[in-house]
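Shown next, in structure tokens, is the structure this report addresses.
Proteins get letters first, then strands, A, B, ... in listed order; numbering begins at 1 in each.
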Number of protein chains: 2
Amino acid sequence: MNVLISRVEILKLVAHPARITILGELSKGVKCVSDLEGFLELSQPNISQHLAALRRAGIIDYFIDGKLRCYFLKNPIVVDILEILSKEYSGDLPGPECCPTTKKGTYPGKRDGNV
Amino acid sequence: MNVLISRVEILKLVAHPARITILGELSKGVKCVSDLEGFLELSQPNISQHLAALRRAGIIDYFIDGKLRCYFLKNPIVVDILEILSKEYSGDLPGPECCPTTKKGTYPGKRDGNV
DNA sequence: TTTTAATATAATAATATTTGAATATATGAA
DNA sequence: TTCATATATTCAAATATTATTATATTAAAA
């Protein structure tokens, strides 16, 4: 239903320590709620709340196995986000080349402190 | 200084419509605040606040050109995030193959509705 | 040197997110 | 049937984020 939720909304939802941890686990395979209770130092209701939010946004889904709900990743964007989160970056982006132009003004001027 | 801010914190900061728009613009080149006032239907102080938050986190930086502050991207993760946000994804991830195992239980059971 | 343009900062109000506590539901077992 | 287990839902309190308004800063221009 809510497949309309924008990418930024998805990013926002994913950008939470508990939810990233959950998604990281699910990226390794299906997990039920009590499996997740192992890793996360969160109450069961809170974990369920995070799972429900992720599911409402179409980011994960589950199948039912008896008393268990077995969650798994659904939205492929998650894989890419997780990859970025563990990627190594070397240094900052190169600063602007000399004399870039903005609509209102022109370089050069004093560069700020921490560059 | 705050280079310690974790990746998830960066993700969280970036996951805001105004800030994503700002970063998208900066990814095309240096922009000063009043340039940004063009695109964004936000007050000048609010734009400055978003810029300040992004700068505190080391995501962007600026140089000074007279009365202007010319902002540019600093953290390379932004480029990857922007790329993901405009990437095309075709369909959902494949569901779990038959009979994956969770610690607590085993497939199969009823699959949930929207798969 | 006063004024103006560009931008930043501070304080607050409005709103959203997060967690915790209590309770509900559903399923398999006894 | 009743019970226990696994999980979800609801509501409220605590907290964080966001936008607004007013004011401050800084540098160039007049």
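If you take CG of B:Leu13 and C1' of D:dT18, they are 12 Å apart, rounded to a whole angstrom. Spacing between atom CD of A:Glu41 and atom P of C:dT18 amounts to 19 Å, rounded to whole angstrom units. Across the protein-nucleic acid pair, A:Arg56 atom CZ and C:dT18 atom P stand 11 Å apart, rounded to whole Å. Spacing between atom CG of B:Asp65 and atom P of D:dA27 amounts to 12 Å, rounded to whole angstrom units. The interatomic distance linking B:Glu9 (CD) with D:dA16 (P) rounds to 11 Å, in whole Å.
Under 4.0 angstrom from either OP1 or OP2 of C:dT17 there lies at least one side-chain N or O belonging to A:Lys12. Between A:His50 and the phosphate of C:dT19, there is a side-chain N or O to OP1/OP2 separation shorter than 4.0 Å.
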Could I get a table of every N or O pair under 3.5 Å where one atom is in the protein and the other is in nucleotides 6-10 of chain D?
{"unit_1": "D:dT7", "atom_1": "OP1", "unit_2": "A:Val33", "atom_2": "N", "d": "3.3"}
{"unit_1": "D:dT7", "atom_1": "OP2", "unit_2": "A:Ser34", "atom_2": "N", "d": "2.7"}
{"unit_1": "D:dT7", "atom_1": "OP2", "unit_2": "A:Ser34", "atom_2": "OG", "d": "2.5"}
{"unit_1": "D:dA8", "atom_1": "OP1", "unit_2": "A:Tyr71", "atom_2": "OH", "d": "2.3"}
{"unit_1": "D:dA8", "atom_1": "OP2", "unit_2": "A:Ser48", "atom_2": "OG", "d": "2.3"}
{"unit_1": "D:dA8", "atom_1": "N7", "unit_2": "A:Gln44", "atom_2": "NE2", "d": "2.8"}
{"unit_1": "D:dA8", "atom_1": "N6", "unit_2": "A:Gln44", "atom_2": "OE1", "d": "3.4"}
{"unit_1": "D:dT10", "atom_1": "O4", "unit_2": "A:Gln49", "atom_2": "NE2", "d": "2.9"}

ask   = Between A:Ile59 and A:Lys74, does a side-chain contact (heavy atoms from CB on, under 4.5 Å) hold up when you go through it step by step?
value = CA-CA 5 Å; A:Ile59 295 171; A:Lys74 183 174 173 190; over 6 Å; no

key: Evaluation steps, side-chain contact (heavy atoms from CB on, under 4.5 Å), between B:Leu51 and B:Leu36   = CA-CA 10 Å; B:Leu51 290 169; B:Leu36 295 170; 4.0 Å; yes

request  = Would you check, one step at a time, whether the test side-chain contact (heavy atoms from CB on, under 4.5 Å) holds for B:Ile20 with B:Val14?
outcome  = CA-CA 6 Å; B:Ile20 275 289; B:Val14 161; 3.5 Å; yes

Donor-acceptor pairs under 3.5 angstrom involving side-chain atoms of residues 75-84 of chain A: please list them, not counting sequence neighbours.
{"unit_1": "A:Asn75", "atom_1": "OD1", "unit_2": "A:Ile77", "atom_2": "N", "d": "2.9"}
{"unit_1": "A:Asp80", "atom_1": "OD2", "unit_2": "B:Lys87", "atom_2": "NZ", "d": "2.5"}
{"unit_1": "A:Asp80", "atom_1": "OD2", "unit_2": "B:Tyr89", "atom_2": "OH", "d": "2.5"}

Return a table of donor-acceptor pairs under 3.5 angstrom between the side chains of residues 23-30 of chain A and protein atoms on other chains or two or more places apart.
{"unit_1": "A:Glu25", "atom_1": "OE2", "unit_2": "A:Lys28", "atom_2": "NZ", "d": "2.8"}
{"unit_1": "A:Ser27", "atom_1": "OG", "unit_2": "A:Gly24", "atom_2": "O", "d": "2.6"}

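The list of side-chain hydrogen bond (donor to acceptor under 3.5 Å, both in side chains) pairs with a residue in residues 13-22 of chain A, not counting sequence neighbours, reads A:Arg19-A:His50.
For B:Glu37, the side chain to side chain donor-acceptor pair (under 3.5 Å) test picks out no residue, with sequence neighbours left out.
Atom CD of residue B:Gln49 and atom CG of residue B:Leu54 lie 12.0 Å apart, to the nearest 0.5 angstrom.
Non-hydrogen atoms lying under 4.0 Å from DNA chain C are contributed by A:His16, A:Arg19, all within residues 15-23 of chain A.
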